[in-house]
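Below: one structure, written as structure tokens.
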Amino acid sequence: MSQAMVNFRMDTDLKSSMEALCQELGLTMSSAFTIFARKMTREQRIPFDVSVDPFYNEKNQARIRQAIENLNNGKGVEHKLIEVE
């Protein structure tokens, strides 16, 4: 089977994280992408859900920007820290 080179750009931190995970799994990045390509080709779809996280909608982002502005202007409200177990 002949081989082809595929090149693309990726965030440096993301690449480092993926390389570390692949190494932990005993894979190379090349083999991980090949697994992805085979599964996508076999299933004729992206093999996971792709969706928009509703947290990042414009209404929520506007509320966050307003809260930051309030905090920067000394109008913040202090809340107790909730410990997650």
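All values below were derived from every heavy atom in this structure, side-chain atoms included, with hydrogens, water molecules and symmetry-related copies excluded. None of the values given here were measured: they were computed from a predicted structure.
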Can you name the closest pair of heavy atoms from Met18 and Ala32 and give their distance? CE-CB, 4.0 Å
Would you give the length of the straight line joining atom CZ of Arg45 to atom NZ of Lys39, rounded to the nearest 0.5 angstrom? 6.5 Å
Testing Leu14, Asp13, Thr12 one by one against Met10 for a side-chain contact (heavy atoms from CB on, under 4.5 Å), which residue passes? Leu14
Separation between CD (Gln66) and NZ (Lys75), nearest 0.5 Å, reads 8.5 Å
Hey, any chance Met29 and Leu25 share a hydrophobic cluster, counting ILVMFWY side chains that come within less than 4.5 Å of each other, even indirectly? no
Which distance, rounded to the nearest 0.5 Å, do you find between the CD of Gln3 and the OG of Ser30? 8.0 Å
For Met1 and Arg38 the tightest heavy-atom approach is CE-NH2, 4.2 Å
Over 12 non-hydrogen atoms of neighbours within 6.0 angstrom of CD in Glu58: yes
Is there a continuous path of hydrophobic side-chain contacts, each under 4.5 Å between heavy atoms, that joins Phe36 to Val50? yes
Just by distance, with hydrogens left out, do Ser31 and Thr28 show a side-chain donor and acceptor under 3.5 Å apart? yes
When rounded to the nearest 0.5 angstrom, what distance separates CG in Leu21 from CG in Leu27? 8.0 Å
Could Glu69 and Arg65 be called an ion pair, given the rule that one side-chain N must be under 4.0 Å from one carboxylate O? no
Distance in Å, Ile46 CD1 paired with Glu43 CD, rounded so as to fall on 0.5 Å steps: 11.5 Å
Are there over 12 heavy-atom neighbours, none belonging to Gln61, within less than 6.0 Å of that residue's CD? yes
Of the non-hydrogen atoms in Phe55 and Asn60, which two are nearest, and what is the gap between them? O-CB, 3.2 Å
If you count heavy atoms of other groups shown closer than 6.0 angstrom to CZ of Phe48, is the number above 12? yes
